[in-house]
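The structure displayed is predicted, hence computed values, not measured ones.
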Amino acid sequence: MEKHISVCPYCGSGCKLALLVENDKVVGAEALDGVTNQGELCLKGWYGWDFINDTKILTPRLKKPMIRRTRDADFEAVSWDEAIAFAAGRLSEIKKKHGPDSIMLTGSSRGTGNESNYVAQKFARAVIGTNNIDCCARVCHGPSVAGLMVTLGNGAMSNSICEIEDTDCILCFGYNAADSHPIVARRILKAKEKGAKVITCDPRFIETARISDQWLQLNNGSNMALVNAFANVLITEGLYDAEYVANNTEGFEEYKKTVAKYTPEYVEEITGLKAEEIRRAMRTYASAKTATILWGMGVTQWGQAVDVVKGLSGLALLTGNLGKPNVGVGPVRGQNNVQGACDMGALPNVFPGYYYVTDPEARAKFAKAWGVASLPDKVGMSITDVPHAAEEGKLKAMYIFGEDPAQTEPDLAAVRKGFEALELIIVQDIFMTKTAMFADVILPATSWGEHDGIFSSADRGFQRFYKAVNAKGDVKHDWEIYGLMAKAMGYDGIDYHSTEEIWNELISLCHLYTGATFEKLAGLGYIQWPCPDESHPGTPWLYAGDKFQTQSGKGLLFASEWRPPLEKVDAEYPLGLCTVREVGHYSCRSMTGNCAALTTLADEPGYVTMNPIDADKLGIKDQQLVWVASRRGKVIARAMVTERTNVGVVYMTYQWWIGACNELTVHHVDPISKTPEYKYSAVKVEKIADQMWAENHVVKEYSKLKKGLADAANSPARVSEPA
Amino acid sequence: MNRFIVAEPAKCIGCRTCEIACALAHGASAAPADAGAGYLATGVAGLTGKAFEPRLKVIKTLNVSTPVTCRHCEDAPCANACPNGAISTRDHTIQVDQSRCIGCKTCMIACPFGAMDVVSYPQIREFAGVAIADGVKAAAHKCDLCLGKSGGPACISVCPTDALHVMTEASAAETRALRQLRAALDTPRVEAVA
């Protein structure tokens with residue numbers, strides 16, 4: 001039996017594991033002693049690898065290139081030469097006719113790795129000539145990046161996952177570690193064991209709330225009001241570090257003025273919390289020698305998200321909880337390489353290494369390195385702009401790489417309409433996804449396990465993962481496919497022979513990564529950027545000497561007025577819908593849905609969790625199938641009645657293809673980060689009288705969906721017509 | 001004293017990794033006896049909703065998340081109740097001899113922890129090279145502490161938060177001694193009792 005070092009392809013914890021291989025087939029996984037996971041794994045790490053073997057439980061692996069000559073035609077299997085010629089030809093035509101900005105591309109925050117993302121954005125910028133490239137950071141921690149870049153100068157976690165257990169106080173805000181990052185949850189438990197105080201701000205009684213010293217059950221959509229009240233308490237009670245604020249921050253007077261109104265008493269009605277609870281939480285936070293703030297999607301997936309991120313960083317600045325070990329701000333990244341996709345510049349506003357595309361010097365540097373006359377200077381489009389831009393006719397083509405927007409974006413009906421309006425959709429993936437069903441060209445890639453590369457974990461840690469098995473089928477590495485596409489479009493600068501070659505080019509261009517060499521990252525190597533030169537060990541915590549990475553070198557205190565969520569509940573749609581995660585499945589589920597053990601624990605149509613009080617009102621019993629409907633759609637789901645869920649709001653996880661909650665969610669985005677308000681839509685839940693019919697309906701719909709995907713993936717080559 | 005598995009609810013995050021490990025450890029997997037919990041040559045593929053029968057179950061109430069499993073009772077009600085002598089004490093654990101189980105479910109009713117389950121599956125017999133159905137075989141399912149497996153109980157080896165442990169006579173004595181000490185230190189000092 002062989003063992004190959006890898007990094008788990010699911011959440012951003014960066015767990016090192018070994019894939020066990022027999023006869024060129026993955027047969028198991030083993031925990032390795034990685035820096036973040038210390039020999040532990042959660043169920044996705046232990047049992048989340050069999051999708052590589054094409055189990056066909058949910059949807060088949062893509063094994064050959066396919067094209068569709070017209071939208072009403074079926075897919076036909078073609079050779080790589082034909083697929084590339086077709087895709088590159090159509091893309092060149094559109095570029096010529098409508099300009100480079102009529103084309104949108106995505107990076108992939110998932111198992112493909114940093115090298116492919118680097119190449120993808122190079123293809124977008126140097127070959128297409130657009131900054132229209134984005135990744136799913138947009139729909140998760142985009143606001144954290146946007147907010148922290150302004151207040152502290154760096155969008156990533158300030159401190160390491162390992163340091164969490166040695167902090168004296170953890171403020172968990174809208175962050176359900178147990179379901180999102182079990183291996184981070186483990187650090188929170190260890191911190192608690194070592195005597196840390198834990199404060200949890202969440203409308204639900206999540207696992208972390210069970211072990212918390214204080215649980216603040218705030219109303220959904222009141223984040224900004226609570227964070228402002230926190231700041232208000234720190235200032236009015238004199239709990240903040242005046243000297244630190246004077247020396248290391250700016251904007252205090254303005255900030256103080258804005259939060260003055262938000263006394264704990266004033267926000268009682270907005271947050272549903274008692275003033276005394278708010279005061280107590282801040283007394284605990286401020287009195288701790290070291291304190292860490294962790295947040296997740298409960299902060300970022302709102303129409304007001306960037307403001308709240310800025311507000312949270314303000315609490316750390318006020319109390320001096322930055323620039324040393326065991327403190328800081330922690331937006332814990334949700335996908336295994338969403339930090340990496342951002343690091344590689346799969347974003348519309350930055351090059352690899354976070355050089356702004358609007359900076360002429362940076363443009364000149366990359367243009368020279370990439371051998372092109374110039375690079376586009378206009379900030380590109382966000383992925384959430386796509387449906388609208390497509391319908392308006394501004395966008396003509398989309399090259400989607402390892403993402404499934406037809407499952408993960410809000411208001412899926414609008415997404416489908418946008419897709420239909422596009423002239424060309426290229427999908428590069430490992431599975432036949434709902435998005436791939438819209439494609440004109442499908443380019444099949446190798447999966448995690450079948451290629452090597454480097455991922456970035458949530459705390460800026462570069463880690464290498466190795467190839468374990470050979471790919472089965474006529475598939476290519478993602479970076480190879482971009483090379484073929486580039487060549488067909490007349491650009492020779494994407495001609496690589498290994499990930500190492502790509503990595504070396506990247507680190508030579510980005511001072512943040514220069515010292516993180518392939519050799520240093522071998523085996524269980526772990527290097528956190530910034531790592532400016534080869535002798536540098538990496539940076540576990542940022543802002544040493546309280547030097548922030550802003551232009552002035554100071555941290556910015558910035559407060560905003562609270563805005564309520566866009567959609568309101570009313571008589572027809574009386575319940576709030578908040579979309580969340582569950583521990584056994586990941587993202588759009590194309591990977592975990594093809595894992596036998598993970599599917600055994602949870603399968604379609606997925607749950608809608610609700611409080612017994614709401615369930616009783618509707619006569620709904622635990623485990624019954626129900627309809628959930630919003631102004632935009634209607635889906636079937638299974639009720640899970642639990643007191644851990646707050647009254648008036650129901651929760652659904654976003655990975656179900658039948659019970660797809662994004663059919664219901666509203667397309668309302670944060671004005672700065674363009675991140676959707678997944679956390680609040682108005683819905684109604686309806687009882688289904690005939691449960692037998694409902695159960696059959698789910699089975700029938702699920703079979704139909706799976707058959708459609710399987711048939712598409714198995715499309716035959718065109719039989720040549722007789723002469 | 002019999003050994004048994006204890007869970008610390010304060011550490012459990014309700015992720016159910018233990019349930020999968022348990023089902024796979026007792027599945028039809030062809031894994032070699034010395035393989036760790038992550039080796040699943042046929043295990044994962046053989047796992048389906050119907051055949052998913054973990055011997056411990058994660059329970060979540062408002063305030064508690066914790067797996068519930070067999071206590072390997074000293075005076076085990078299941079063993080006492082079994083009319084066919086299928087349940088006995090072996091190597092400081094309570095074990096079921098599946099060849100003697102008739103599926104009467106008496107043990108299931110007797111167990112105060114709900115740790116016993118009785119499952120049945122079709123029996124297949126080979127006759128002249130042909131597989132033929134041969135009625136139904138029952139099995140009383142409970143935690144067997146993965147007796148005979150080199151890595152010890154599978155649930156313990158996979159738990160990401162280290163919430164599961166085997167309680168042995170020695171570790172139970174240690175825990176008791178610690179708690180007695182704590183009780184002594186925590187006793188309020190009473191200067192005078194009227």
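Using a 4.5 Å cut-off between heavy atoms, A:Gln38 makes no contact with chain B at all. When heavy atoms are compared at a cutoff of 4.5 Å, B:Cys18 does not approach chain A at all.
The backbone N or O of B:Ile13 lies less than 3.5 Å from no partner atom in the side chain of A:Arg210, so there is not a single donor-acceptor pair. At distances below 3.5 Å, not a single donor-acceptor pair connects side-chain atoms of A:Trp46 with backbone N or O atoms of B:Thr17.
With rounding to the nearest 0.5 Å, the separation of CD in A:Glu207 from SG in B:Cys15 is 9.0 Å. Separating the NZ atom in B:Lys11 from the NZ atom in A:Lys192 is a distance of 13.5 Å, to the nearest 0.5 Å. For the atom pair CZ (A:Arg186) and CG (B:Asp162), the distance works out to 8.5 Å, reported to the nearest 0.5 Å. Separating the CZ atom in B:Arg16 from the OG1 atom in A:Thr600 is a distance of 10.0 Å, to the nearest 0.5 Å. Between the CG atom of A:Leu598 and the CD1 atom of B:Ile20 there is a distance of 5.5 Å, given to the nearest 0.5 Å. Of the inter-residue distances, the one linking A:Ile211 atom CD1 with B:Cys12 atom SG reads 12.0 Å to the nearest 0.5 angstrom.
Each of A:Leu41, A:Leu43, A:Asn37, A:Ile183 was scored for a side chain to side chain contact (heavy atoms under 4.5 Å, CB included) with B:Pro160, with one residue passing: A:Ile183. For the side chain to side chain contact (heavy atoms under 4.5 Å, CB included) with A:Glu643, the lone residue among B:Asn63, B:Thr61, B:Leu62 that qualifies is B:Leu62.
Within 6.0 Å of CD in A:Glu193 there are more than 12 heavy atoms belonging to other residues, nucleotides or ligands. Other residues, nucleotides and ligands contribute more than 12 heavy atoms inside 6.0 Å of the CG atom of A:Asp24. Other residues, nucleotides and ligands contribute more than 12 heavy atoms inside 6.0 Å of the NE2 atom of B:His165. For NZ of A:Lys621, the number of neighbouring non-hydrogen atoms (other residues, nucleotides, ligands) closer than 6.0 Å is 12 at most. More than 12 heavy atoms of other residues, nucleotides or ligands lie within 6.0 Å of NZ in A:Lys190, so this atom counts as buried by the packing criterion.
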Take A:Thr642 and B:Lys60, measure what side chain to side chain contact (heavy atoms under 4.5 Å, CB included) needs, and give me the verdict at the end. CA-CA 9 Å; A:Thr642 163; B:Lys60 292 187 203 183; over 6 Å; no
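With no hydrogens or angles considered, a side-chain donor-acceptor pair links B:Ser65 and A:Arg644 at under 3.5 Å.
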